[in-house]
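The basis for the numbers below is simple: all heavy atoms, side chains too, and nothing from hydrogens, waters or symmetry mates. All of these numbers come straight from a predicted model, not from anything done at the bench.
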Number of protein chains: 2
Amino acid sequence: MRPTTLQPAISLAEQKAIILQEGRRVTSYDVALVAGVSQSAVSRCFKPGASVSKKTYERVMKAAEGLEYIPNAAARSLITRRTNIVAIVVSHSSMLYNPAALSELSQQLNRRGKRALLFTMQHEGEIEQILTDVWQFQVDGVIAASKLTPAHVEEFRRRQVPLVVFNRHLRDMDVNTVLCDQFEASRALVSRLAAAGHRQFALIGGPEQNSVARERLRGALDRIEELGLPAAPVFYGCFDYSSGVAGLHELIARIGAVPDVVICGNDAMAMGCVDAARQHLHIDVPSQMSVVGCDAVEGSQWLSYELTTLRQPLHKMAIATADLMCGLIEADGEVEAEKRVFAAQFVEGETARLHAPRAVLAA
Amino acid sequence: MRPTTLQPAISLAEQKAIILQEGRRVTSYDVALVAGVSQSAVSRCFKPGASVSKKTYERVMKAAEGLEYIPNAAARSLITRRTNIVAIVVSHSSMLYNPAALSELSQQLNRRGKRALLFTMQHEGEIEQILTDVWQFQVDGVIAASKLTPAHVEEFRRRQVPLVVFNRHLRDMDVNTVLCDQFEASRALVSRLAAAGHRQFALIGGPEQNSVARERLRGALDRIEELGLPAAPVFYGCFDYSSGVAGLHELIARIGAVPDVVICGNDAMAMGCVDAARQHLHIDVPSQMSVVGCDAVEGSQWLSYELTTLRQPLHKMAIATADLMCGLIEADGEVEAEKRVFAAQFVEGETARLHAPRAVLAA
DNA sequence: TTGTAAGCGTTATCAC
DNA sequence: GTGATAACGCTTACAA
């Protein structure tokens with residue numbers, strides 16, 4: 001380290017010239033030199049709640065401003081073992097189909113003094129590579145909206161990196177989780193639709209590997225069986241609009257008739273299904289067939305759709321996730337894994353018939 | 001630093017136990033101890049293209065794997081002055097209304113070995129706070145999709161942090177920029193619509209402060225005037241669906257008649273406008289009135305809308321942005337500011353009449 | 001309250 | 001090729 005000789009304070013302009021000439025960055029040492037104090041005094045001035053005299057503080061701050069000094073986070077984190085960075089791991093598709101979630105998460109983290117390091121993946125398989133990077137960057141924690149194996153979770157524990165799983169159901173894993181109870185929501189949805197007289201259900205689900213999509217399907221199928229309704233065919237889509245279009249055509253072919261109601265794994269597919277019904281097949285929605293989505297994204301409530309759907313309390317979930325994460329970072333050690341489960345909110349919309357018709361006609 | 005005594009190599013298990021007991025992280029020093037080499041040898045093994053013998057390399061890697069060692073990026077960046085982190089500054093609204101842009105950018109950066117540190121802002125005013133953070137984190141560069149003052153740009157230059165402005169028009173500023181030529185696209189759009197016989201234009205723009213929105217308006221107004229068409233009233237919305245609905249009502253009130261065509265600053269507003277026309281006002285689109293959007297987002301091409309709009313080559317723009325940024329980081333010094341301008345692609349859709357009717361009737 | 005000095009975990013520059 | 005050793009810019013005992 002450079003000697004911390006305490007000279008009577010060099011002029012700001014002089015020091016600025018030196019820095020510029022040497023082509024280096026402004027350090028706390030430069031500030032100390034100009035302010036005429038020790039380097040550690042400068043450091044203390046930038047630490048909230050440290051003991052510094054008013055006089056010292058002012059001289060340091062003046063010098064710091066003059067030099068446009070800003071502490072180097074890398075150097076700080078090296079010793080504090082905190083980066084104030086939280087990684088968010090998210091798939092390309094959840095970003096496209098539910099951008100609000102990422103936006104909310106990022107905002108809630110920012111509000112708590114954390115920054116979001118974004119990792120997007122095309123395929124869930126890229127997780128290995130991403131985790132290697134995550135370890136390198138020494139992030140304070142990871143918020144994952146992606147599939148994780150027990151081995152991955154175990155590695156988080158070993159490395160003592162806090163992990164919160166967002167909106168994924170990691171069955172039987174002891175891991176912090178914030179999610180919406182898709183299973184229960186789907187069950188309740190089926191109950192309500194059945195009460196309105198719907199009997200033949202058909203399902204357009206998300207990708208088979210996706211845990212959220214799976215839960216939604218499971219809940220619906222579970223309740224359909226429980227109620228003794230006719231078996232519901234399932235079409236596995238990939239969350240995009242065209243899956244909804246293709247799904248409806250396929251399901252009708254399989255059943256050999258128009259189903260009473262189609263439950264879709266997200267809104268984009270539901271809107272595809274509505275459009276296919278109305279525009280390709282001239283089926284009136286909801287009088288001839290009901291369609292239900294999931295997520296209540298922006299466009300789903302626009303006049304051309306007014307989709308019947310389930311809204312996830314994204315804002316609350318983001319708050320819970322950020323709180324949980326910050327708690328874990330503070331705790332800095334063994335804490336019981338916590339699961340915060342939220343209920344989905346039903347959005348009535350205009351694409352499902354929710355009351356029994358005057359006279360229920362048997363087909 | 002700890003002494004680098006060269007003992008004959010300690011056993012992996014033993015060293016693991018020590019680390020666990022001391023509760024510290026695995027360092028290159030631990031790996032060196034187990035592999036029976038110097039710490040600097042370990043460092044070299046993790047630097048691509050460094051000169052190490054095969055034998056040393058293998059011993060080091062074996063020890064590293066056994067200890068699950070991963071280099072600490074903070075320590076590395078302290079000396080290399082590279083963090084491999086690029087900040088992306090983006091407003092809440094562009095994230096919601098154009099999530100694909102962020103997704104593409106993040107992906108292109110990842111592909112080039114850079115990570116994206118995400119900064120979202122609610123209001124463009126938060127930029128000050130964000131920049132302070134950006135300097136702290138010593139990011140290698142910043143991609144900004146937000147308004148910047150000349151003072152901000154100057155600070156980037158002073159701090160020698162590469163800056164690429166994405167899809168914003170910073171008039172008269174010497175700054176790297178990747179954007180779509182909104183002005184020209186709007187002019188061309190008006191020309192085409194005028195050729196199809198539209199005379200009375202009306203405009204629903206984005207927020208007045210937003211530079212992209214402003215360019216779109218300017219281009220349209222410019223060409224409308226040039227063609228000697230009737231003055232077009234402007235409604236300033238805020239990029240959301242309801243602005244489109246409100247905008248149409250307001251514009252019709254102002255003109256005292258239904259305009260021939262409404263040009264909207266983005267797709268969400270255009271879809272609002274289409275819905276308001278069809279469902280509130282019973283105006284047929286496009287036979288009685290044309291509506292044009294901008295961006296060609298996901299939902300705009302769905303059957304219920306099939307919006308006439310302008311597509312920005314987002315993928316290409318993201319590639320250009322990432323390339324430009326990486327080039328700047330490599331160059332590490334004075335480079336001429338570069339502006340890469342892309343042309344918007346016209347999407348015909350079904351909400352605008354694009355050919356002159358058989359007989360053009362004067363009102 | 002303040003200054004001294006010892007790290008944090010790397011990379012880079014040397015001799016050997 | 002390899003190992004000492006000096007940075008990088010900061011925080012934090014500890015001594016004064």
Side-chain angles (χ1 to χ4, degrees), chain A residues 1-9 19 22-33 35-60 64 67 69-84 135-138, chain B residues 1-9 19 22-33 35-60 64 67 69-84 135-138:
Chain A
M1 202 71 245
R2 305 190 208 81
T4 320
T5 39
L6 255 191
Q7 281 161 6
I19 295 165
E22 296 181 1
R24 49 185 188 75
R25 299 188 164 165
V26 181
T27 71
S28 57
Y29 177 80
D30 297 311
V31 178
L33 229 50
V37 298
S38 76
Q39 181 272 333
S40 48
V42 176
S43 172
R44 276 193 286 264
C45 288
F46 283 88
K47 181 183 171 166
S51 90
V52 240
S53 73
K54 191 162 184 173
K55 190 179 135 198
T56 306
Y57 181 81
E58 277 162 6
R59 280 170 61 186
V60 166
L67 291 169
Y69 166 73
I70 289 192
N72 181 323
R76 170 182 292 161
S77 75
L78 200 51
I79 188 144
T80 60
R81 293 148 157 279
R82 286 260 132 76
T83 52
N84 288 327
W135 311 139
Q136 282 214 21
F137 283 109
Q138 311 280 122
Chain B
M1 203 71 242
R2 304 190 207 81
T4 320
T5 40
L6 256 189
Q7 283 161 4
I19 294 165
E22 296 182 0
R24 49 186 190 75
R25 299 186 164 167
V26 181
T27 72
S28 57
Y29 177 79
D30 297 311
V31 177
L33 229 50
V37 298
S38 74
Q39 183 273 333
S40 35
V42 176
S43 173
R44 275 193 287 266
C45 289
F46 283 89
K47 179 180 171 167
S51 88
V52 237
S53 73
K54 192 161 185 172
K55 190 180 135 198
T56 306
Y57 182 82
E58 277 162 6
R59 279 169 61 185
V60 166
L67 292 168
Y69 166 74
I70 290 193
N72 182 324
R76 170 181 293 161
S77 74
L78 200 51
I79 189 140
T80 59
R81 290 148 158 279
R82 286 259 133 76
T83 51
N84 288 327
W135 309 139
Q136 283 214 22
F137 283 110
Q138 312 278 123

Distances under 3.5 Å only, N/O to N/O: pair up the protein atoms with those of nucleotides 12-16 of chain D.
from   : atom 1 : to      : atom 2 : distance (Å)
D:dT12 : OP2    : A:Lys47 : NZ     : 2.9

(request) State, with a plain yes or no, whether a side-chain heavy atom of B:Gln136 is found less than 4.5 Å away from one of A:Asn72. (result) no
(request) Would you kindly give the CG-to-C1' distance between A:Leu67 and D:dG9, to the nearest whole Å? (result) 15 Å
(message) Tell me the interatomic distance from A:Asp30, atom CG, to D:dC10, atom C1', rounded to whole angstroms.
(response) 13 Å
(message) With a 4.0 Å cutoff (strictly under), does any side-chain N or O of A:Arg24 reach OP1 or OP2 of D:dC8?
(response) no
(message) Looking only at side-chain N and O atoms, does A:Thr56 offer a donor or acceptor that is under 3.5 Å from a partner on A:Ser53?
(response) yes
(request) Using modelled atom types only, decide if a donor and an acceptor are shared between the side chain of A:Arg44 and the backbone of A:Val52 within a distance under 3.5 Å. (result) no
(message) Working note: B:Gln39 + B:Ser28, criterion side-chain contact (heavy atoms from CB on, under 4.5 Å); need CA distance, chi angles, decisive distance, verdict.
(response) CA-CA 6 Å; B:Gln39 183 273 333; B:Ser28 57; 2.9 Å; yes
(message) For a quick test of reading the model: is some side-chain N or O of A:Ser38 closer than 4.0 Å to OP1 or OP2 of C:dG3?
(response) yes
(message) Rounding to an integer number of Å, can you tell me how far B:Glu58 CD sits from D:dT2 P?
(response) 12 Å
(request) Indicate yes or no: at least one non-hydrogen side-chain atom of A:Arg76 is less than 4.5 angstrom from one of A:Thr83. (result) no
(message) In whole Å, I'd like the distance from the CZ atom of A:Phe46 to the P atom of D:dG9.
(response) 15 Å
(message) Please give me every residue in residues 69-78 of chain A whose heavy atoms get under 4.0 Å of an atom in DNA chain C, ordered by residue number.
(response) A:Leu78
(request) Rounded off to whole Å, could you give me the CZ-to-P distance for the B:Arg81 and D:dA7 pair? (result) 14 Å
(message) Does any part of the side chain of A:Gln138, heavy atoms only, come nearer than 4.5 Å to the side chain of B:Arg25, both counted from C-beta?
(response) yes
(message) In this structure, how many angstroms lie between the C1' atom of C:dT10 and the CG atom of B:Asn84, rounded?
(response) 14 Å
(request) Calculate the interatomic distance between A:Arg82 atom CZ and C:dC8 atom C1'; express it in whole Å. (result) 15 Å
(request) Looking only at non-hydrogen atoms, find the nearest pair between A:Arg82 and A:Ser77 and report the distance. (result) O-CB, 2.9 Å
(message) Let me confirm one number: the OG-CD1 distance from A:Ser43 to A:Ile79, rounded to the nearest 0.5 Å.
(response) 9.0 Å
(message) Closest-nucleotide mapping onto DNA chain D: is A:Val26 or B:Ser51 further toward the 5' terminus? I mean the 5' end.
(response) B:Ser51
(message) Is it the case that over 12 heavy atoms from other parts of the model lie below 6.0 angstrom from the OH atom of B:Tyr57?
(response) no
(request) Measure the distance from CD on A:Glu22 to C1' on D:dC8 and round it to the nearest whole Å. (result) 14 Å
